[in-house]
Enquirer: 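I'd like to ask you about the structure that follows.
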Amino acid sequence: MTTAFQPKPEHKFTFGLWTVGNIGRDPFGEPTRQPISSVEIVHMLADAGAYGVNFHDNDLVPIDATLAERDRIVKDFKQALADTGLVVPMATTNLFTDPAFKDGAFTSNDPNVRAYALQKTLQAIDLGVELGAQIYVFWGGREGVETDAAKNPLAAIQRNREAMNFLCEYALDQSYDLKFALEPKPNEPRGDMYNATVGHMLAFIETLDHPEMVGVNPEVAHEHMAGLNFLHGVAQAWDAGKLFHIDLNDQAFGRYDQDFRFGAVNLKTAFFLVKFLEDVGYAGSRHFDAHAYRTEDYEGVKDFARGCMRTYLILKEKAAQWNADAEIQALVAEINADDGSTDAFKGAYSRSKAAALKAATFDRRALGARGLSYERLDQLTVEVLLGVR
Ligand code: GLT
Ligand code: MN
Ligand code: MN
């Protein structure tokens, strides 16, 4: 690899401990890599050029650790951060691995599970804040069902809301400088999960007591699993002021939950996503929530991590090229041309405007007959991506 496209702290590239630390297990096969420590992961990420590392409480501190063990682990982790200069922009809670959460956490039918989930999250928030996190992610790993006989979907929404309201108040009460980012996913590990898409989540957030401190953490793979256009969901979140965080990876439509390296499957989709984030000036973490193939050893895991960042930076350069390409921009200008002939109908409603609009005549046939040149525009985009322009 050349020295171009080197990741720098200002690019805000982050990885979860669980991503590069993934040991390559799948439902059909045992792990293919030995576990490595959080300290080793921090050094590996620093070596690959990342800016930050994120974690679930139990990625760092085992669920059954004593207080003394917790303190030692946190001390060693802080030392690794100090030694490498990596930061912790985001933290989250594991509410899905332990069998206690087999039927969900905040939406469990069992009030004891709900209370335990809340307690675990309070402690995990404290841990995340102690390490500097300013974004706290909620991925409802097992908040769902295999059968709708099991749970009342209205009760699930209400329980989820009650938990989020409680946790918002906690963060405010502690004067934590913390925002919440809710991450939707349609299925896996549950048959169906609640708040399945970015759109569901955005609507849910508006029903909370403190919507201003809650946004979304959209993940490429999750929207693709739902068969949706990820960019459109991200744009809607951005428009609503709710794009607090983003999980970049890749996923073929219609397949199992893949969590591939960013740009590994849908390059053009990844290009328009990067272009969007850069064009609007998204300032948050570019978090790669992805896993190396289980065929890899830890050298391959490093290749994976470097590949995520390198692809992002290449696509960022391609986006700048697209924005500066005279032929492309001439087409964009032509597509958006406006001769001013409809100015009288634009903007806010008025009775006279509506009357004028109703009286106007349009050449419907001419409107329908006009070619839009999108074929040329898309081909030029493909040629930028293929490196022949
Ligand atoms: C898990 C999941 C991810 C979430 C992580 C945060 S954990 O790996 O697949 O999409 O972002 O809980
Ligand atoms: Mn995922
Ligand atoms: Mn994710």
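Read the numbers this way: they start at 1 and go in the same order the structure lists the ligands and their atoms. Just so you know, these numbers come straight off a predicted model, no measurement behind them.
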Enquirer: Is any side-chain heavy atom of Val382 closer than 4.5 Å to a side-chain heavy atom of Phe271?
Expert: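 Side chain of Val382 against side chain of Phe271, heavy atoms only: no contact under 4.5 Å found.
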Enquirer: Within the 4.0 Å heavy-atom shell around His222, which atoms of ligand 1 are there?
Expert: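 Heavy-atom distances to His222 below 4.0 Å select 10 (O).
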Enquirer: Is there a nitrogen or oxygen of Trp18 sitting under 3.5 Å from a nitrogen or oxygen of ligand 1?
Expert: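 Indeed, backbone or side chain, Trp18 has an N or O that close.
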Enquirer: With a 3.5 Å cut-off and no angle check, do the side chains of Asn217 and Asp247 form a donor-acceptor pair?
Expert: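 On atom types as modelled, these side chains qualify, holding a pair under 3.5 Å.
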Enquirer: Nearest to the Mn ion (ligand 2), which N, O or S atom of His222 do we find?
Expert: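 This turns out to be NE2.
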Enquirer: Find all atoms of ligand 1 within a distance of less than 4.0 Å from any non-hydrogen atom belonging to Asp247, and give their numbers and elements.
Expert: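 Contacts of ligand 1 toward Asp247, numbered from 1: 11 (O).
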Enquirer: Classify the contact between Asp257 and ligand 1 as side chain, backbone, both or neither, using a heavy-atom distance cut-off of under 4.0 Å.
Expert: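 Within the 4.0 Å criterion, Asp257 makes no contact with ligand 1.
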Enquirer: Quick check: does Glu183 have an N/O/S atom under 2.8 Å of the Mn ion (ligand 3)?
Expert: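 A backbone or side-chain N, O or S atom of Glu183 is under 2.8 Å from the Mn ion (ligand 3).
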Enquirer: If you consider just the N/O/S atoms, which atom of Asp289 is the closest one to the Mn ion (ligand 3)?
Expert: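 It is OD2, the N, O or S atom of Asp289 closest to the Mn ion (ligand 3).
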Enquirer: Within 45 degrees of the ring normal and closer than 6.0 Å to the centroid, is that where the cationic atom of Lys179 sits relative to Phe244?
Expert: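 Output yes; distance and angle both within limits.
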Enquirer: What protein heavy atom sits nearest atom 6 (C) of ligand 1, and how far away is it?
Expert: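 The closest heavy atom on the protein side is His56 NE2, 3.2 Å.
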Enquirer: Starting from the Mn ion (ligand 3), look over the N/O/S atoms of Asp247 and name the nearest one.
Expert: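 Result for Asp247 and the Mn ion (ligand 3): OD2.
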Enquirer: Does the pair Lys275 and Asn323 meet the rule for a side chain to side chain donor-acceptor pair (under 3.5 Å), with working shown?
Expert: CA-CA 9 Å; Lys275 179 169 144 48; Asn323 288 341; 2.9 Å; yes
Enquirer: Could you tell me which N, O or S atom of Asp259 is nearest to the Mn ion (ligand 2)?
Expert: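 The Mn ion (ligand 2) is closest to the Asp259 atom OD1, counting only N, O or S.
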Enquirer: So, are Arg70 and Glu130 salt-bridged, with charged N and O less than 4.0 Å apart?
Expert: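 Looking at Glu130 together with Arg70, the answer is yes, because their closest N to O distance falls below 4.0 Å.
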Enquirer: Between Lys318 (side chain only) and Thr381 (backbone N and O only), is there a donor and an acceptor less than 3.5 Å apart?
Expert: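 Not a single qualifying donor-acceptor pair exists.
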Enquirer: Would you call the rings of His287 and Trp18 parallel, tilted or perpendicular, taking 30° and 60° as the class edges?
Expert: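 Taking Trp18 first and then His287, their aromatic rings stand perpendicular (interplane angle over 60°).
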Enquirer: Which of the listed options, Lys185, Met90, His287, Glu183, holds the heavy atom that is closest to atom 10 (O) of ligand 1?
Expert: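 That would be Glu183.
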Enquirer: Is the shortest heavy-atom distance from the side chain of Asp26 to the side chain of Arg294 under 4.5 Å?
Expert: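 Heavy-atom side-chain distance check passes, below 4.5 Å.
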Enquirer: Do Phe77 and Phe55 have their ring centres less than 6.0 Å from each other?
Expert: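 Yes, the ring centres sit under 6.0 Å apart.
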Enquirer: Can you tell me which residue and heavy atom of the protein come closest to atom 3 (C) of ligand 1, and the distance to 0.1 Å?
Expert: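 Atom 3 (C) of ligand 1 sits closest to the protein heavy atom Asp289 OD2, 2.9 Å.
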Enquirer: Closest to the Mn ion (ligand 3), which N/O/S atom of Glu219 is it?
Expert: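 Result: OE1.
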Enquirer: Applying the side-chain hydrogen bond (donor to acceptor under 3.5 Å, both in side chains) test to Thr107, which of Gln158, Glu143, Arg159 qualifies?
Expert: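 Result: among Gln158, Glu143, Arg159, Glu143 is the only option passing the side-chain hydrogen bond (donor to acceptor under 3.5 Å, both in side chains) with Thr107.
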Enquirer: For Glu219, is at least one N or O under 3.5 Å away from an N or O on ligand 1?
Expert: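 Between Glu219 and ligand 1 (N or O atoms, distance only) the closest approach is under 3.5 Å.
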Enquirer: Tell me, which protein residue and heavy-atom name are nearest atom 1 (C) of ligand 1, and how many Å apart are they?
Expert: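 Here the nearest protein heavy atom works out to Trp139 CZ3, 3.7 Å.
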